[in-house]
Amino acid sequence: MDFNQSADENLFDHARIIGKPHTRVDGALKVTGTAPYAYERHDVADNPLVGYPLGSSIAKGRITRMDATAARNAEGVAAVITALDIDELPRAESNVAKLFGGDIIEHYHQAIAVVVADTLEQARAATSLIEVEYEETPGEFDLDDAWKRLQDRDVVSHVGDVDAAFDSAEVTLDETYHTASQSHAMMEPHATIADWCDGKNMTLWTSNQMIKWTRKALATTFELDPANIRLESPYIGGGFGGKLWLRADAVLAALGSRETGRPVKVALPRSFIFNNATHRSGTVQRLRIASGKDGRITAFDHSAISHTLPGGSGEDAVNQTRCFYAGENRRVAHHAIDMNLPEAADMRAPGEASGLAVLEIAMDEMAEKLGMDPVEFRILNDTQVNPEEPSKRYSDRHFVECLRKGAEVFNWSARNTTPGGKREGQWLIGQGMAGAYRGAPTLDSGARVRLSEGRLIVETDMTDIGTGSYTIIAQTAAETMGLEMDDVEVRLGNSAYPAASGSGGQMGAASSTAGVYAACVALQGEITKRLGVGSARFENGQVVTDDKRVALRDVVPNEELVGEDTLHFGDFKDELEIGTFAAHFVEVAVHAYTGETRLRRTLTVVDAGRILNPVTARSQVIGGMTMAIGAALTESLNIDSHRGYFTNHDLAGYEIAVHADIPEQEVIFLDTQDGASTPLKAKGVGELGICGGAAAVANAMYNATGIRLRDYPMTLDRMLDRLPGA
Amino acid sequence: MKAFSYERIDDAAQAAARAFEVPGAKFIAGGTNLLDLMKHEIEVPLHLIDITQTGLDDITETDEGGVRIGALVSNTALAANERIRRDYPVLSRALFSGASTQLRNKASTGGNLLQRTRCPYFYDTAMPCNKREPGAGCAALDEGADTRQLGVIGTSEHCIATHPSDMAVALRVLDAEVETINPQGQTRRLTLDEFYRLPGDTPDVENVLEPGEIITGVVLPAPVGGRQQYYKVRDRASYAFALVSVALIETDDGKGRVALGGVAHKPWRRDEADAELGNGAKAVMTKLLDGARPTDENAYKLTLAERTLAALLAKE
Ligand SMILES: Cc1cc2nc3c(=O)[nH]c(=O)nc-3n(C[C@H](O)[C@H](O)[C@H](O)COP(=O)(O)OP(=O)(O)OC[C@H]3O[C@@H](n4cnc5c(N)ncnc54)[C@H](O)[C@@H]3O)c2cc1C
Ligand code: SF4
């Protein structure tokens, strides 16, 4: 099906099931611990061996010697494969850091060996018997140093005359900010069981967000025909972008299986999540804003750097500044600095989260300079077109309504406007807000639907990383076919199924449901053909034409009918800005003596097109906001700038928000539809919640204390000596 | 984790004797710290002696009007004990601020006292650490190191780690004593100050226990009364070790006692600092933290300790 123009009125405008709060169809499996996660697929991979990786203990250099004799002789060990045993594996396009093979060390905890044994304990113990000698070379690990050195920042885009605009501006801001490197820190580590026993056909039961990409990456890495590779990833215990790629778990499990002729399973140890897998790069950002006294912004000038291994793209924090607010003159530049830390790559709202964490503080600072309410300042500078390219309009943008609705529900007008002016006992109370903007891309998505005995099976390689894909796909199919939720079974995350968008870039929900819709329409075509009718409605489990009603189970008894299609998104979208918007409002308490910051309440008002399921969408938004609170207050990969690695590589040291950190979170969805997005008029919300949330916390902290912090995470040591105390 | 043998011994004196006799033996109580360390091969005992059935899990009254806490009393049971909550509330509060419910259910009183540091380099066996491997060097003292959580006082040029226990800080302010039995069956009692050692040039030796010596309990003297508080400051609201913690007892005569956690290799208390309590937080900390040698990254702990005490002393 081609989607070549905005959707008109259609069945989703009169939905029975779409848009309703259905609880997760896979919920029972999750809470009973019976959802089959990759590492536990003993039902399909019989009696697997266990692989355990060894990581490099230097950040940069080469291995000069490895001796695995003792490990090979250890009890229970079936095989040891060291990096020196094989040539460097070819790198897939989507991989920056090398995954295995050869003597070169690019980062700390790069996998340099895998021990395969009968038990985890045997494999793990044997890794410490491997002797390794290195030749270390000095590396670059300090982003601030790079920032100071850097003269020629790449100009990404420049519109108007920014320098002239600043020269003539009545009000200007010019500040420098830092965001920290962060880890996805998902609950389930990267894990794979590989069966490559014959060295020809490879089957992986794995935990991966992107089946199609990863199959392709495997084909490159192991020089295989993709047709010989099968991937299954039906359940994923969190990804946040960390599982978009082929990583060491799959590579080592595959190598181990080929070597031993047995299925092999590998889960990355927790410390590997931080230094072996990918992370979000920290940034240094300088942001200048110019405006007239009337509060109208005349110019933005935003430059940022982030780190990456050579060949990577870093964390592009300036992109949102290009088009979120109005202003004729604008310049942005991002420079990805080659450094020797582990691979920086996408994490939930890559670029957007770090960029908005800064832009939305700067907007607060400007509003203060102007003596304006920060909500009104944003409303004044709203735009319905891309300010860089005014011919491109926003397909459906209700940011102003988000701001107004949020202000009303939060009772914003009643807040204390004097920073540091409200105290309850030993706590300083503050309120802050921020805007959020995240693009709403879509990717072509396919699905197959099979109807038999009145029951429908949906198959697509779309994944569910905890987001609710199973549920919204079932809703889409039931809605389109006129069935009930119970009549539909959804099967996901299998390379044998038609390729969908996968889960990433907040495009999964909108894209994959559109693909399922297309497949259902194909099935409808097959049904009407069988019945010899021109057109029909599908309702109450029946096919309804002008003169007859046939139950779906009776269309062709004892035969399965199949519909398969891919929804292709047309070029018309390129002429539009399609995005999602939100406004966050938060209240914090900051301890006047100790500087501890505790959230009191949060409200997020969302404009993201049709909300397919308010239950699962809400959980995405509050989850994103929770991650934003972590980013604001505690989350930081601490760099040992001498040894070149992230030191706090466990969940005790890398502090994500815990329950006690998260207060009452309220979410309001505006009733909007965006026909330019998909036939369902839906857009994603998976990444919107994290956008801007950290700045809302920062702005509330400023309102509480009168101390403006510009470096994340905003831990107490950054303000302790400026707090009032008594 | 290296292979090890295991046995359970249900009598403390026999366990001590056995630990002395078997090379590489270690006691295991709740296992919440030891097992983690074994998985990382930071500790590699050859033999584990399970002491969970030694019957040392009672909380009883002493003749002196105090309380004797068996070494196997769980952190949960101790924190919830009525007598402790009434007469030694600082201890109950300190316990509740530590770890998580699940961990406190398993964690024992003896094991809590002996938990190892949370220095990130101690936990990474690829890094030099004198505490893990005497003579290897100390990664935390190298340029560019991550020291934000580490110690500021009583440190040495060999180690700047802290003792992470909350419970021990409260015990220190309560003048508790650790009770032990050695392989020869002799018992002794040590104040917490005597029990713990500063790192000096042997940071791997953290206390004065002799080979095989087992902790049988902790004895609290008769209640001192007064206003008792425990304030643990951390980055997140729960499930984190203290950046700084303050245990405070203010008695009606305007006197009192202060101990700090998160700053040193042992719970930190000085008589001369206690004596300054009437003169405010600054006066106390001037004495208590005299001689501190923080790093650039953790100098904030000095300010934080003073401000936290000030918060407790402020009657708002
Ligand atoms: C994620 C996490 C977070 C935590 N957070 C905190 C926190 O915030 N605050 C805090 O204070 N603690 C915290 N802890 C530590 C926790 O309190 C300790 O792990 C626990 O108290 C140890 O008790 P255990 O009985 O499990 O000891 P074990 O692990 O069984 O033993 C620890 C050590 O003590 C020795 N030992 C045990 N009993 C005896 C005895 N009777 N005589 C002689 N030696 C003995 C063992 O040989 C071993 O060396 C945390 C732990 C974890 C894992
Ligand atoms: S501070 Fe102590 S525990 Fe930490 S690395 Fe140095 S010696 Fe080891």
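We name chains A, B, ... by the order of the sequence lines, and we start the count at 1 in each one. Just the heavy atoms: all of them, side chains too, but no hydrogens, waters or symmetry mates, feed the values below.
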- [ ] Check B/R307 against A/P724 and note the closest heavy-atom contact, atom names and distance.
- [x] NH2-C, 3.7 Å
Open item on the list: Between A/R270 and chain B, with a heavy-atom cut-off of 4.5 Å, which part of the residue counts as in contact: side chain, backbone, both or neither?
Closed with: neither
- [ ] Could you please spell out the steps behind the side chain to side chain donor-acceptor pair (under 3.5 Å) verdict for B/Y300 and A/D721?
- [x] CA-CA 8 Å; B/Y300 75 92; A/D721 49 7; over 6 Å; no
Open item on the list: Quick check on the interface: out of B/E143, B/R148, B/R236, who has the most heavy-atom pairs with chain A under 4.5 Å?
Closed with: B/R236
Open item on the list: Under 4.5 Å from any heavy atom of chain B, what part of A/Y645 do you find: side chain, backbone, both or neither?
Closed with: side chain
- [ ] Please tell me if the side chains of A/L716 and B/L304 come closer than 4.5 Å, counting only heavy atoms from C-beta onward.
- [x] yes
Task: Residue part contacting chain B, namely of A/L651, when any heavy atom lies under 4.5 Å - done: backbone
Task: Contacting region of A/E596 [heavy-atom separation from chain B under 4.5 Å] - done: side chain
Task: chain A contacts, top residue of B/A3, B/A299, B/A311 (heavy-atom pairs, under 4.5 Å) - done: B/A311
Task: Validation row: B/S238, A/V658 side chains within 4.5 angstrom (heavy atoms) - done: yes
- [ ] Check A/E655 against B/Q149 and note the closest heavy-atom contact, atom names and distance.
- [x] OE2-NE2, 4.4 Å
Open item on the list: If I measure from the heavy atoms of chain B, does A/I656 come under 4.5 Å with its side chain, its backbone, both, or neither?
Closed with: both
TODO: Report yes if some heavy atom in the side chain of A/Y593 is under 4.5 Å from a heavy atom in the side chain of B/E306; otherwise report no.
DONE: no
TODO: To the nearest 0.5 Å, tell me how far B/D146 CG sits from A/L637 CG.
DONE: 11.0 Å
- [ ] Kindly compute the distance separating CG (B/D142) from CG (A/D640), expressed to the nearest 0.5 Å.
- [x] 8.0 Å
TODO: Just give me the residue among B/L243, B/T308, B/V233, B/T125 that pairs up with chain A most often, heavy atom to heavy atom, under 4.5 Å.
DONE: B/V233
- [ ] Can you see which heavy atom on B/E41 is nearest to which on A/S128, and at what distance?
- [x] OE1-OG, 2.9 Å
Task: Distance-only polar pair, side chains of B/D124 and A/Y108, donor-acceptor under 3.5 Å - done: yes
Task: When B/R118, B/K39, B/K2 are compared by non-hydrogen pairs under 4.5 Å with chain A, the top option - done: B/K39
TODO: Side-chain contact test, heavy atoms from C-beta onward, threshold under 4.5 Å: evaluate it for A/P269 versus B/H40 and give yes or no.
DONE: no
Task: Interchain contact, A/L723 with chain B, by part (heavy-atom threshold 4.5 Å) - done: both
TODO: Check each atom of A/H659 against the heavy atoms of chain B and say whether the ones under 4.5 Å are side chain, backbone, both or neither.
DONE: neither
- [ ] Heavy-atom pairs under 4.5 Å with chain B are the metric here; pick the option from A/H109, A/R598, A/E121 that has the most.
- [x] A/R598
Task: Interchain contact, A/A74 with chain B, by part (heavy-atom threshold 4.5 Å) - done: neither
Task: Region of A/T647 that comes under 4.5 Å of a non-hydrogen atom in chain B - done: both
Task: Greater than 12 external heavy atoms within 6.0 Å of A/E75's CD - done: no
